Amino acid sequence: MINVKEHISQLIAEAVGQLGWDEAGTEYELTEAVRPEFGDFTTNFAMVAAKSLGQSPRQIATDLAGAIAGLTSRYVDDVEVAGPGFINFRCSLEWLYEEIRLAVTMGAASYARSNLGKGQSLLLEFVSANPTGPLHVGNGWWASYGDALGRLLRFVGYEVSTEYYVNDTGGQIRQLGESMLAVMEGREVPEGGYRGEYVRTMAERYRGERDVTAIGKFAADEIIKVIRLSLEELGIEFDTWYSQASIEESGAVDHVISVLERQGFIEEVEGQKLFLSTRFGDSRDRYLTKPNGDFTYLAGDIAYHYDKLVVRGFEHVIDIFGADHQGQVPSLFAAVEAFGCERSRLEILLGQMVSLQQGGEKVKFSKRKGNVVDLAELVELIGASAVRLLSLQSSIDRASTIDIEQVTTKSMENPVYYIQYAHARMAAIERMRKERKIPEPKLGEADLTLLVHPRELELLRVQARLDEVIANAAVERAPHKLVGWLKDFAGAFHGFYHDCSILGEGPEITAARLLLVDSSRVAIQVVLGLLGVHAPEQM
RNA sequence: GCCCCCGUAGCUCAGGGGAUAGAGCGCCGGCCUCCGGAGCCGGGCGCGCAGGUUCGAAUCCUGCCGGGGGCACCA
């Protein structure tokens with residue numbers, strides 16, 4: 001079994017050689033044709049090489065197409081020049097049937113896998129919301145993104161660990177403790193404190209000492225349990241939960257500061273440690289300690305990254321931040337460089353802000369009751385699959401607005417049903433096959449060349465794109481491209497299902513179509529799995 | 001003031017150097033004696049503005065306009 005595109009690339013290389021052109025380094029593209037009359041694949045070779053060959057694109061294309069046509073190929077039926085100098089390849093349908101064989105023999109566990117990552121170890125940190133309250137819908141959006149990205153990178157051959165960095169120390173936790181103490185003593189919650197219902201609930205359950213630090217720790221631990229649970233309900237589990245407090249207690253922060261000091265990147269200013277991050281392109285130097293001697297947040301974060309890159313030694317580290325944290329990006333990169341790591345080993349992905357509205361009205365992410373801003377509530381309402389697919393539809397580079405009303409009441413706007421329905425139909429066909437006692441088709445016996453209906457071919461074409469879609473989504477850290485593929489694929493399947501009777505047109509065509517359905521099912525399961533969306537047997 | 005992201009159809013968003021820019025929703029019409037109609041088919045003078053690079057720009061560069069987010073010894 002071969003990859004047609006590689007095959008065509010070889011033909012091009014061979015033809016170029018025959019023509020005596022020295023164009024080995026030409027960065028041309030070989031892409032799927034955008035329209036049927038352009039064949040199956042297209043290359044822009046002639047346009048790209050025009051300058052260095054000193055000939056017109058049309059002339060180059062004509063010569064090259066002629067040379068390629070002289071080569072024998074099992075897959076390429078026809079080569080022609082079109083437009084400004086495109087070379088279009090028309091292929092026999094065999095390459096599409098190969099896709100069925102691949103999918104059916106490999107199954108959902110290995111079909112479309114690759115080894116782009118070459119086993120590189122990678123730490124993916126995401127969500128990391130402060131344990132001062134339950135997760136809101138916005139957290140869930142990025143959580144789905146991070147989880148899908150992790151699955152995707154694992155699928156293409158990275159050795160991925162996922163991690164949640166727990167900010168279980170510092171001012172916000174103290175604030176949380178003070179808010180709870182105030183509730184317990186019947187006082188007004190202090191300015192800037194936490195006043196959600198959950199604070200009251202925890203206060204009622206607390207039995208320990210009336211000490212702000214102890215209470216804060218208790219509360220953070222309780223909230224982490226809640227967070228963990230709502231993530232699990234979304235289908236997300238982390239390999240590790242990494243405690244900020246533990247880093248500070250272990251002396252790792254002191255250690256990393258001494259590392260920076262030895263390199264001469266720390267200056268003492270009135271007893272405070274100042275990291276000279278401007279030397280590494282930051283817009284200002286950053287304090288690592290406060291006047292009272294406490295570490296700043298950045299100090300802990302630097303120690304945390306030192307731990308990831310140096311102590312634990314991950315080859316590559318990805319952080320997913322909200323755009324509201326972009327300010328810390330230059331400082332972190334400065335620190336990474338200062339403690340002696342290649343900048344490129346750290347990758348920070350910024351998700352643009354997620355906001356909520358309810359029937360046109362903006363809704364604040366307040367922790368008050370009433371609005372469905374709580375992630376767990378939304379998951380309960382529309383299900384994990386719907387939440388995940390909804391959040392994975394668009395790029396994280398775009399600030400998105402979630403309309404609670406639209407998402408919850410007019411759920412037809414959610415493509416999850418359309419996509420899952422395609423899978424449920426595939427499963428239904430299999431049930432019907434058994435019910436009608438139609439024999440299970442065998443790859444070696446069935447005649448796949450019976451699959452010539454435009455709907456069948458369209459379905460296979462979409463499926464054949466999957467490799468590239470996955471690779472692209474992984475490289476661009478863009479799992480939403482998988483959703484785009486799913487929509488196309490589900491659409492192609494529904495069209496096929498509508499126009500082609502699978503079980504009713506005689507045993508030969510039935511066998512071929514059943515294999516096509518099997519193949520489709522493998523493909524869709526792979527992608528649903530990457531997104532963490534359930535593939536239902538029936539709906 | 002400086003930095004990051006985004007302006008694509010009425011709305012929500014894909015496409016991010018290639019040949020005629022797409023989908024969903026909404027709106028208007030069709031399609032079930034037949035494997036699930038949560039489906040299928042048809043209906044669309046839309047890339048914020050102005051320059052530039054290129055054989056070719058929605059896509060890359062510059063400027064402007066508009067929206068979001070940053071610019072802490074907070075987290």
Side-chain angles (χ1 to χ4, degrees), chain A residues 29 31 33-35 37-38 42 44 46-48 50-51 56-58 82-86 88 128-130 132 167 169-173 175 192 244 269 272-274 282-284 286-292 294-301 322-331 350-353 355 393-403 406 410-422 424-425 427-433 435-436 438 455 476 478 480-481 483-484 487-488 490-491 493-505 510 513-514 517 538-539:
Chain A
E29 283 183 337
T31 56
V34 288
R35 298 225 310 276
E37 58 266 40
F38 299 151
T42 294
N44 61 353
M47 280 103 94
V48 179
K51 198 161 272 179
S56 76
R58 278 302 289 208
F86 290 108
N88 295 331
S128 300
N130 290 343
T132 52
N167 285 259
T169 181
Q172 292 198 8
I173 300 300
Q175 189 68 256
Q244 181 183 0
V269 179
Q272 288 175 253
K273 309 272 189 190
L274 184 65
D282 201 352
S283 57
R284 63 194 306 162
R286 309 283 171 173
Y287 284 100
L288 300 183
T289 55
K290 302 181 194 177
N292 69 4
D294 283 357
F295 294 122
T296 60
Y297 177 80
L298 178 63
D301 215 11
D324 55 338
H325 287 246
Q326 64 183 264
Q328 59 193 267
V329 171
S331 319
L350 293 175
Q352 296 303 309
M353 301 312 289
S355 57
Q393 276 189 104
S394 64
S395 157
I396 60 160
D397 287 340
R398 181 187 285 268
S400 52
T401 306
I402 307 159
D403 191 324
Q406 211 164 56
K410 293 154 78 183
S411 54
M412 290 314 292
E413 298 231 348
N414 192 325
V416 73
Y417 303 100
Y418 185 75
I419 291 166
Q420 289 187 317
Y421 185 48
R425 276 183 153 172
I429 290 160
E430 178 60 12
R431 282 195 299 275
M432 187 57 70
R433 180 190 71 76
E435 201 173 292
R436 295 192 188 173
I438 294 169
R455 295 292 205 172
E476 291 180 21
H480 76 276
K481 299 201 168 188
V483 178
K487 290 180 190 169
D488 287 350
F493 186 81
H494 287 309
F496 158 68
Y497 182 90
H498 185 267
D499 286 0
C500 300
S501 171
I502 295 159
L503 301 175
E505 289 184 11
T510 289
R513 284 182 176 161
L514 279 170
V517 173
Q538 47 193 309
M539 298 178 68

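We name chains A, B, ... by the order of the sequence lines, and we start the count at 1 in each one. For clarity, every value in this text was computed on a predicted model and none was experimentally measured.
Rounded to whole Å, the P atom of B/A50 lies 24 Å from the corresponding atom of B/U12. Spacing between B/G7 and B/C49 at atom P, rounded to whole Å, works out to 13 Å. Straight-line distance between the C1' atoms of B/G16 and B/A57: roughly 11 Å, to the nearest whole Å. Distance check on atom P: B/G1 versus B/A9 gives 29 Å, rounded to whole Å. Taking the P atoms as reference points, B/C5 lies 30 Å from B/U20, given to the whole Å. Here the separation of B/U8 from B/G68, taken at their P atoms, is 15 Å to the nearest Å.
Between the P atom of B/C71 and the CG atom of A/D282 lies a distance of 12 Å, rounded to the nearest Å. Residue A/N414 contributes atom CG, which lies 14 Å from atom P of B/G24 at whole-angstrom precision. At whole-Å resolution of the value, CD in A/Q393 and P in B/G24 are 12 Å apart. Across the protein-nucleic acid pair, A/Q328 atom CD and B/A72 atom P stand 12 Å apart, rounded to whole Å. Nucleotide B/G24 holds its P atom 11 Å from the NE2 atom of A/H494, rounded to whole Å. For the pair A/R284 CZ and B/C71 C1', the interatomic distance rounds to 8 Å; values are reported in whole Å. Atom CD1 in A/I502 sits roughly 12 Å away from atom C1' in B/C34 (whole-Å rounding). In this entry the distance linking CD of A/Q326 with P of B/C2 reads 16 Å, nearest Å.
A donor-acceptor pair under 3.5 Å is formed between the side chain of A/R58 and the backbone N or O of A/G83. The backbone N or O of A/A323 lies less than 3.5 Å from a partner atom in the side chain of A/Q326, making a donor-acceptor pair.
Of the listed nucleotides (B/G36, B/A14, B/A75), B/G36 has the atom at the smallest distance from the side chain of A/A424. Which of B/G70, B/G39, B/C41 sits closest to the side chain of A/R455 comes down to B/C41. Of the listed nucleotides (B/G7, B/G68, B/A38), B/A38 has the atom at the smallest distance from the side chain of A/Y421. Checking B/C71, B/C13, B/C6 against every side-chain atom of A/S283, the shortest atom distance belongs to B/C71. Comparing atom distances between the A/L503 side chain and each of B/G16, B/C35, B/C4 picks out B/C35 as nearest. Distance from the side chain of A/S501 is smallest for B/C35 among the nucleotides B/G18, B/C35, B/C4. Listed nucleotides B/A19, B/G36, B/G69 differ in distance to A/N88; the shortest reach to its side chain belongs to B/A19. Proximity note for A/Q244 (side chain, C-beta onward) versus B/G18, B/A75, B/G68: the nearest is B/A75.
With a 4.5 Å cut-off on side-chain heavy atoms, A/R286 and A/T296 do not count as touching. Between A/S394 and A/H480 the shortest side-chain heavy-atom distance does not fall below 4.5 Å. In this structure, the side chains of A/L298 and A/Y287 stay at 4.5 Å or more apart for every pair of heavy atoms.
Across all strands, A/H480 comes closer than 4.0 Å only to sugar-phosphate atoms, never to a base (heavy-atom distances). Within 4.0 Å (heavy atoms only), A/Q538 reaches at least one base atom of the nucleic acid. No engagement by A/A422 is indicated, since no non-hydrogen atom pair under 4.0 Å with the nucleic acid exists. Using a 4.0 Å heavy-atom cutoff across all strands shown, A/Q272 reaches at least one base atom of the nucleic acid.
When only modelled atom types and interatomic distance are considered, A/H494 and A/R425 share a side-chain donor-acceptor pair under 3.5 Å.
Interatomic distance, CD1 of A/I173 versus CG of A/N167, reported as 7.5 Å (0.5 Å rounding).
Neither OP1 nor OP2 of B/C73 sits under 4.0 Å from any side-chain N or O of A/K273. In this structure, A/K487 does not reach the B/G22 phosphate: none of its side-chain N or O atoms is under 4.0 Å from OP1 or OP2.
Between A/P291 and A/D499, the residue anchored nearer the 5' end of RNA chain B, judged by the nucleotide with its closest heavy atom, is A/D499. Nearer to the 5' terminus of RNA chain B, by closest-nucleotide assignment, is the contact made by A/A33 (compared with the other of A/K51 and A/A33).
Of all nucleotides present, only B/C25 satisfies the Watson-Crick or G-U wobble test against B/G10, with each distance under 3.5 Å. Pairing partner, B/G51: B/C61, with both Watson-Crick or wobble hydrogen-bond distances short of 3.5 Å.
Stacking annotation: A/Y418 is not stacked on the base of B/A38 (requires ring centroids less than 5.5 angstrom apart and an interplanar angle below 30 degrees). Ring-base stacking between A/F38 and B/A19 is satisfied, the centre separation being under 5.5 Å and the plane angle under 30°.
A donor-acceptor contact under 3.5 Å is formed by the side chain of A/T42 with the base of B/A19.
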